[in-house]
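First the structure, then my questions, so here it is.
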Protein chains: 2
Amino acid sequence: MLSKKTKYAIKALVALGKNVENPPMQIVRLAEQEMIPRKFLEQILLDLRNAGYLYSKKGAGGGYSLNKNAADIYLTDILRITDGPIAMVPCASIKFYRKCDECHDEKTCGIRKTFIDVRDATLEVLSKTSVADVIARENLDEIIN
Amino acid sequence: MLSKKTKYAIKALVALGKNVENPPMQIVRLAEQEMIPRKFLEQILLDLRNAGYLYSKKGAGGGYSLNKNAADIYLTDILRITDGPIAMVPCASIKFYRKCDECHDEKTCGIRKTFIDVRDATLEVLSKTSVADVIARENLDEIIN
DNA sequence: ATAAAAGTCTATCGAAATAGTAGTCTTTAT
DNA sequence: ATAAAGACTACTATTTCGATAGACTTTTAT
């Protein structure tokens, strides 16, 4: 399961992506609009900002806006910042590899091989879905319904 | 990430699957062989047994064995018993659906749609990989190496 | 009949991770 | 100068996870 932190992060980026016409957006507004606890959101935005995905401006009239094109922010990027590994076992992780404690022989481990396949299947989706894609899917539905 | 419980469950089933020639296998032996805390393993085996995947026999000479063919036990089955949902967000889960607290409109939620795709990609692997497949992959490597 | 070898079941505990809160500091616009 | 914002750090509460404990039941061997 995604942590709430990650879900909030995605929601925030999507909201900021929809708001590109009149930035910046204040934390308080974003928190209210997306039903995210304000102080918690504050920390999350900080992380995303420090990772280079958001631009922030202090003082009156300040707030947050995207620092990259929404089409260039992939869900994998976000997950790795807020949740860490995408793989389901540490020994199958690309960016957060760790040996499994109880593993006898990683080379022949059938579990590892299977979960590398799972990881790749997951990455196939997440590394090709950008914030812009998520927004597009929502707009698509508004037109259909 | 998989819980240790799930990883232990898979390991246990794989070990029991490799042991079909001379069952049953005692918890203590299984625990030692797979480096799993004995009392923790005990609970896990109980769950798998109550779900119908294992057969157990009490008393001297008793122990555990598979209650189904290893080819008929899929990783999805195991994960759902020990970890619950396979989807990364509750609203995308097939067997453990739950509405997301902060969600405004599930019908148009782009995050949900994306994570339904992720779920399907994951299921594509896990619902087609049985305990027998995991064992086969390990044996395959022993031959090659 | 009894002792030993197993699994069964339920309760509990401690540590770590997650979710959220509080408060002080800094920057900027007016 | 002041108000409106974000930056930063520390802390707290809650939940989940991993593990342990112990008393009970069934089965086999002698």
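The structure displayed is predicted, hence computed values, not measured ones. In what follows, chains carry the letters A, B, and so on, assigned in the order in which the sequence lines appear, proteins first and then strands, with residues in each chain numbered from 1.
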Any idea which of C/dA19, C/dT21, C/dT8 is nearest the A/Pro37 side chain? C/dT21
Test salt bridge (Lys or Arg N to Asp or Glu O under 4.0 Å) on B/Arg137 and A/Asp117; report intermediate values, then the result. CA-CA 13 Å; B/Arg137 291 188 105 166; A/Asp117 289 349; 3.2 Å; yes
Taking for each residue the nucleotide of DNA chain C bearing the nearest heavy atom, is the 5' side occupied by A/Gly59 or by B/Ala60? B/Ala60
Scan B/Tyr55 against the nucleic acid and name what it touches under 4.0 Å (heavy atoms): base, sugar-phosphate only, or nothing. nothing
So what does B/Met1 hit on the nucleic acid, given a heavy-atom distance under 4.0 Å: a base, only sugar-phosphate, or nothing? nothing
Is the shortest side-chain N/O distance from B/Ser56 to OP1 or OP2 of C/dT8 below 4.0 Å? yes
Charged N to carboxylate O under 4.0 angstrom, B/Glu42 versus B/Lys39?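 Yes, B/Glu42 and B/Lys39 are salt-bridged.
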Smallest separation among heavy atoms of B/Asn19 and B/Pro24, with atom names: ND2-C, 4.3 Å
Roughly how far apart are A/Met25 CE and A/Ser65 OG, rounded to 0.5 Å?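 Between atom CE of A/Met25 and atom OG of A/Ser65 there are 11.5 Å.
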Using the heavy-atom set of chain A and a strict 4.0 Å cut-off, write down the first and last nucleotide of DNA chain D that makes it in, 5' to 3'.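 Boundary nucleotides touching chain A, in 5' to 3' order, are D/dA4 to D/dC8.
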Please work out if B/Lys39 contacts a base, only the sugar-phosphate, or nothing of the nucleic acid, heavy-atom cut-off 4.0 Å.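 The residue B/Lys39 makes base contact.
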B/Asn50 CG to C/dT8 P, in whole Å, measures 8 Å
Does C/dT8 have its OP1 or OP2 closer than 4.0 Å to a side-chain nitrogen or oxygen of B/Arg49? yes
Specify the closest pair of heavy atoms between B/Gly17 and B/Leu66, including all atoms of both residues, with the distance to one decimal.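 Nearest pair, atom of B/Gly17 first, then B/Leu66: CA-CD1, 3.6 Å.
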Quick check: on DNA chain C, is the nucleotide nearest A/Arg38 upstream (toward 5') of the one nearest B/Gly63, or the reverse? Name the residue that is more 5'. B/Gly63
Between C/dT8 atom P and B/Asp47 atom CG, what is the distance in whole Å? 11 Å
Where do A/Leu126 and A/Tyr74 come nearest, in terms of heavy atoms and distance? O-CB, 4.2 Å
Base of C/dT10 paired with side chain of B/Gln43 (donor-acceptor, under 3.5 Å):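 By the distance-only test, no, there is no pair.
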Nearest-Å distance for atom pair NZ/C1', residues A/Lys5 and C/dT21: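 Rounded to whole Å, this separation is 15 Å.
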Please report the distance, rounded to the nearest Å, between CD1 in B/Ile44 and P in C/dT8. 14 Å
Ring-face cation of B/Lys5 near B/Phe40 (centre distance under 6.0 Å, axis angle within 45°): no
Separation of atom CG in B/Leu46 from atom P in C/dC9, rounded to whole Å: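 Distance, rounded to whole Å: 6 Å.
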Starting from P on C/dT21, measure out to CD1 on A/Ile27 and report it in whole angstrom.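 A/Ile27 atom CD1 is separated from C/dT21 atom P by 15 Å.
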Take atom CD of A/Glu42 and atom P of C/dA19, then tell me their distance rounded to the nearest Å. 18 Å
For the pair A/Arg80 (side chain) and A/Lys95 (backbone), establish whether a donor and an acceptor sit closer than 3.5 Å, ignoring hydrogens and angles.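 Not a single qualifying donor-acceptor pair exists.
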Please round to the nearest 0.5 Å and tell me the distance separating atom OG of A/Ser130 and atom CD1 of A/Ile135. 8.0 Å
Sub-4.0 Å heavy-atom contacts from residues 79-89 of chain B onto DNA chain D, ordered by number: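 Per residue number, the list is empty: none.
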Using the rule that two of Ile, Leu, Val, Met, Phe, Trp, Tyr join whenever any of their side-chain heavy atoms come within less than 4.5 Å, decide whether A/Leu123 and A/Leu79 are in one cluster. yes
In whole angstrom, give the distance that lies between atom CG of B/Leu41 and atom C1' of C/dA6.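 About 14 Å, once rounded to whole Å.
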